[in-house]
Amino acid sequence: MSIYVGNLSYEVTQKDLEQVFGEYGTVSRVQLPTDRETGRMRGFAFVEMGTEAEEASAIEALDGAEWMGRDLKVNKAKPRENRSAPRGNTGNNRGGYRRY
């Protein structure tokens, strides 16, 4: 399972998260999604820890905690939803219009 960490400072790094969550157990993975166009961090991350007990401990301790000037939102990550293209939109047809 994975932990969702929201309301992060845009200056946070993978190493910062490893250090903070490392206080509650073994951090096995950190994902910091970035915006495709700007490359800027999106303000949230996903952290995977060694055991469910470590995850629960980190969530309990860090949810609502102030860090880097922000109140963290920390909880179990929800499974990713399937995102499909809107109906009628195939390939490069933007808005259903044909290109000739």
Side-chain angles (χ1 to χ4, degrees):
M1 195 64 182
S2 193
I3 298 171
Y4 167 83
V5 186
N7 200 30
L8 288 173
S9 164
Y10 292 111
E11 283 77 43
V12 75
T13 66
Q14 182 173 338
K15 189 171 183 160
D16 293 333
L17 287 167
E18 288 171 353
Q19 186 176 6
V20 168
F21 280 82
E23 294 180 22
Y24 303 96
T26 304
V27 176
S28 46
R29 184 175 176 195
V30 173
Q31 287 180 279
L32 276 167
T34 56
D35 184 271
R36 289 182 194 157
E37 293 178 17
T38 66
R40 182 178 168 189
M41 213 195 77
R42 295 177 64 194
F44 66 92
F46 296 97
V47 177
E48 293 178 16
M49 299 190 71
T51 67
E52 292 276 334
E54 292 171 346
E55 287 182 358
S57 177
I59 290 169
E60 184 177 329
L62 297 173
D63 187 35
E66 190 273 329
W67 186 52
M68 296 179 86
R70 296 184 169 240
D71 294 333
L72 296 179
K73 177 68 176 159
V74 183
N75 54 36
K76 281 199 175 265
K78 296 176 184 172
R80 189 171 183 165
E81 295 178 8
N82 272 345
R83 293 170 47 171
S84 59
R87 290 184 195 175
N89 186 4
T90 57
N92 280 336
N93 276 348
R94 302 279 182 204
Y97 295 103
R98 284 190 176 170
R99 291 186 179 177
Y100 292 97

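Positions are given from 1, in the same order as the sequence printed here.
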Is any side-chain heavy atom of [X] closer than 4.5 Å to a side-chain heavy atom of [Y]?
X: M49; Y: I3; value: yes
X: E52; Y: K76; value: yes
X: V20; Y: L62; value: yes

Look at the side-chain heavy atoms of Ile, Leu, Val, Met, Phe, Trp and Tyr, link any pair under 4.5 Å apart, and say whether [X] and [Y] land in one connected group.
X: F44; Y: F21; value: no
X: V30; Y: V74; value: yes
X: L32; Y: V27; value: yes
X: Y4; Y: M68; value: no

Side chain of [X], backbone of [Y]: donor and acceptor closer than 3.5 Å?
X: E54; Y: G50; value: yes
X: S2; Y: A77; value: no
X: N7; Y: D71; value: yes

Open item on the list: For S57 versus Y24, what's the shortest heavy-atom pair and its separation?
Closed with: OG-CD2, 3.7 Å

Distance (rounded to the nearest 0.5 Å) between [X] [atom1] and [Y] [atom2]:
X: E48; Y: Q31; atom1: CD; atom2: CD; answer: 6.5 Å
X: K15; Y: L17; atom1: NZ; atom2: CG; answer: 13.0 Å
X: L72; Y: I59; atom1: CG; atom2: CD1; answer: 12.5 Å
X: T34; Y: M41; atom1: OG1; atom2: CE; answer: 9.5 Å
X: L8; Y: T13; atom1: CG; atom2: OG1; answer: 10.5 Å

Task: Salt-bridge criterion met for E11 and R70 (N-O under 4.0 Å) - done: no

TODO: Answer yes or no on whether R29 is positioned over the face of F46, meaning its NZ or CZ is under 6.0 Å from the six-membered ring centre and within 45° of the axis.
DONE: no

Open item on the list: Can you tell me if E66 has over 12 outside heavy atoms packed within less than 6.0 Å of its CD?
Closed with: yes

Task: E18 atom CD: more than 12 heavy-atom contacts under 6.0 Å - done: yes

